[in-house]
Amino acid sequence: MKNRASLPRHFLLLLLPCAVVFTFAAATSSPNLAYPNPTVPDDCSVSDVLVPARREVYDNGRIFDVSHRYVPDTPSWDSRDGLGEFLWLGASMKNGSQANVSMMKFSVHTGTHVDAPGHVFDHYYDADFDVDTLDLEVLNGPALLVDVPRDKNITAEVMKGLNVPKGVRRVLFRTLNTDRQLMLKKEFDTSYVGLTMDGAKWLVENTDIKLIGVDYLAVAVYEEAIPIHHVLLRGRIADMLQEIILVEGLKLDGVPAGLYSVHCLPLRLMGSDGSPARCILIK
Ligand SMILES: *[C@@H]1O[C@H](CO)[C@@H](O)[C@H](O)[C@H]1NC(C)=O
Ligand SMILES: *[C@@H]1O[C@H](CO)[C@@H](O)[C@H](O)[C@H]1NC(C)=O
Ligand SMILES: *[C@@H]1O[C@H](CO)[C@@H](O)[C@H](O)[C@H]1NC(C)=O
């Protein structure tokens, strides 16, 4: 309950330009300043008042939004131009429709998203290992947010050094990518930090990690992206190894390292090898 206080304060700030007009109008029309006239004055248009709140953190620092916004400048794999215009009005009230109805089109591996095993394995794809088959239990639960040494990719040596305790099943890796704000740069950057081949193998063989989160578009370094995805996504049915779910393109700036409850919810896109996901961390 104590957290409620942040909300009114927030709105007060947004209303400030109009609040001045409010007070003035109240002072001239009524002597009772304690109960100002709530009517919106003519010179304070509705568009001035309606400013939506956009936040990264909720409930006084308890809930962190770790998903990125989808905007035309969102970087896109191997592209210099970014996502581009991905959202448009299919029907609009200005054009006589009863409602505004937006349409969208983009790769399922855009922005904050998850990979399904079918992304890099033909036989999994053909066998319908799509995003609808990902385990919601893995996608939701205790997770460790760790800082990777900023001068390194995620090698076996780095993995060892991170000392992820046995039993930890979900790890989000914050790397140099966050400091470089790569997810906010339109042009795709191949020099991003990711797992190396030996790092991926070490993780599979020596940890209990079942969910890996990273702060750029791929979990693995560019040059070996596909073979490393193979190492991580292989175990689904073959050896009954752990199923590892990859969450890519997370927004991890401004969140203290430590233990959280992660919640990632991909869409139930039947047949799809990936899906945008809303991911949050709860303290
Ligand atoms: C969208 O809907 C609002 C009403 O909610 C309307 O005022 C506005 O003109 C519409 N926008 C377009 C582009 O049609
Ligand atoms: C409204 O209709 C015109 C004419 O068909 C079209 O050029 C315009 O893009 C439409 N605008 C919206 C917001 O749908
Ligand atoms: C990580 O690997 C990429 C691609 O192999 C490379 O360009 C980059 O410099 C490396 N980053 C660090 C911090 O070592």
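When a ligand or atom number is given, it counts from 1 through the structure's own listing order.
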Write out the residue and atom name of the closest protein heavy atom to [atom], then the distance separating them to 0.1 Å.
atom                    : value
atom 2 (O) of ligand 1  : Asn100 ND2, 2.0 Å
atom 9 (O) of ligand 3  : Ser191 O, 4.4 Å
atom 5 (O) of ligand 1  : Met93 SD, 3.7 Å
atom 13 (C) of ligand 2 : Ser92 OG, 3.6 Å
atom 8 (C) of ligand 2  : Asn95 ND2, 3.8 Å

Any nitrogen or oxygen of Glu223, main chain or side chain, under 3.5 Å from a nitrogen or oxygen of ligand 3?
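Yes: some nitrogen or oxygen of Glu223 is under 3.5 Å from one in ligand 3.
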Applying side-chain contact (heavy atoms from CB on, under 4.5 Å) between Val231 and each of Leu203, Ile244, Val204, report the one that passes.
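For Val231, the side-chain contact (heavy atoms from CB on, under 4.5 Å) check succeeds only for Val204.
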Chi angles and distances behind the side-chain hydrogen bond (donor to acceptor under 3.5 Å, both in side chains) call for Asp198, Thr155
CA-CA 6 Å; Asp198 69 332; Thr155 60; 5.2 Å; no
In terms of ring plane angle, is the pair Tyr260 and Phe64 parallel, tilted or perpendicular, where the classes change at 30° and 60°?
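Tyr260 vs Phe64 ring planes: perpendicular.
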When rounded to the nearest 0.5 angstrom, what is the spacing between OG1 in Thr110 and CZ in Phe86?
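Answer for the OG1-CZ pair, Thr110 versus Phe86, is 9.0 Å.
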Quick check: Leu89 and ligand 1, any N/O pair under 3.5 Å apart?
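By distance alone, the answer is no.
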Give the single entry among Thr155, Thr175, Asn153, Thr196 that approaches atom 14 (O) of ligand 3 most closely by any heavy atom.
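Minimum heavy-atom distance to atom 14 (O) of ligand 3 goes to Asn153.
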Whether the Ser191 and Arg180 side chains hold a donor-acceptor pair (N or O, under 3.5 Å, no angle test) is what I'd like checked.
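Arg180 and Ser191 do have a side-chain donor-acceptor pair below 3.5 Å.
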Using a distance-only test with no angle check, is there a side-chain donor-acceptor pair under 3.5 angstrom linking Tyr192 and Asn153?
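Their side chains do not contain a donor-acceptor pair, so the 3.5 Å distance test is not met.
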Which of the atoms of ligand 3 are close to Asp151, meaning less than 4.0 Å from one of its heavy atoms?
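Heavy-atom distances to Asp151 below 4.0 Å select 13 (C), 14 (O).
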Under the criterion salt bridge (charged side-chain N to carboxylate O under 4.0 Å, His left out), I'd like the reasoning laid out for Arg169 against Glu137: C-alpha separation, chi angles, the key distance, then a yes or no.
CA-CA 11 Å; Arg169 295 167 67 231; Glu137 189 278 327; 3.1 Å; yes
